[in-house]
A.B. asks: 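My questions will all concern the structure given below.
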Amino acid sequence: QLLPALPAAWPKGSVSGLKARGGFTVSCIWENGKVLNYSVMSAKPRKVWVSVNGQNKQIMSKKM
């Protein structure tokens with residue numbers, strides 16, 4: 001889940017290089033509490049479920 005507990009004090013921003021369970025690296029940009037852009041990377045491309053802005057979807061991670 002991207003930005004599960006974003007503080008109201010951070011209405012706009014970005015993060016990069018966050019490590020996630022399963023060997024994934026996540027980056028995202030948000031504004032007004034909504035994700036505008038994101039990427040999920042791993043050593044080998046593989047399917048992963050993400051929850052973005054309340055929607056669950058399966059994507060293929062990008063190779064690091």
Side-chain angles (χ1 to χ4, degrees):
Q1 183 177 8
L2 298 180
L3 306 179
L6 186 65
W10 297 350
K12 182 176 179 180
S14 65
V15 294
S16 62
L18 295 179
K19 300 299 181 185
R21 241 183 322 211
F24 295 100
T25 301
V26 178
S27 299
C28 70
I29 299 170
W30 71 89
E31 191 170 324
N32 298 320
K34 297 288 184 188
V35 175
L36 300 178
N37 193 5
Y38 69 95
S39 68
V40 178
M41 297 172 43
S42 57
K44 293 181 182 179
R46 55 191 170 131
K47 291 181 182 178
V48 61
W49 282 96
V50 295
S51 179
V52 182
N53 299 329
Q55 294 185 347
N56 297 321
K57 55 177 93 175
Q58 190 174 40
I59 64 165
M60 184 67 74
S61 66
K62 297 176 184 173
K63 183 177 173 142
M64 289 195 291

A.B. asks: Would you say that Leu3 contacts Tyr38 through its side chain, given a criterion of any heavy-atom pair below 4.5 Å between the two side chains?
C.D. replies: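 No, every pair of side-chain atoms sits at 4.5 Å or beyond.
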A.B. asks: List, one per line, each side-chain donor-acceptor pair under 3.5 Å for residues 24-34, sequence neighbours excluded.
C.D. replies:
residue : atom : partner : partner atom : Å
Thr25   : OG1  : Lys19   : NZ           : 3.1
Ser27   : OG   : Gly17   : N            : 3.3
Trp30   : NE1  : Trp10   : O            : 2.9

A.B. asks: How about Lys57 and Val50: do any of their side-chain heavy atoms sit closer than 4.5 Å?
C.D. replies: yes
A.B. asks: Would you say Leu18 ends up clustered with Val48 if hydrophobic residues are merged whenever their side chains have heavy atoms under 4.5 Å apart, either directly or through other cluster members?
C.D. replies: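 Same cluster: Val48 reaches Leu18 through Ile, Leu, Val, Met, Phe, Trp or Tyr contacts under 4.5 Å.
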A.B. asks: Applying side chain to side chain contact (heavy atoms under 4.5 Å, CB included), can you list everything that pairs with Pro11, at least two apart in sequence or on another chain?
C.D. replies: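 Residues passing side chain to side chain contact (heavy atoms under 4.5 Å, CB included) with Pro11: none at all.
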A.B. asks: Given the rule that I, L, V, M, F, W and Y join up when any side-chain heavy atoms are under 4.5 Å apart, are Leu6 and Leu2 in one cluster?
C.D. replies: yes
A.B. asks: Give every residue pair that meets the side chain to side chain donor-acceptor pair (under 3.5 Å) criterion with at least one member in residues 40-55, sequence neighbours excluded.
C.D. replies: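 Listed once each, the pairs are Ser42-Ser61, Ser51-Asn56.
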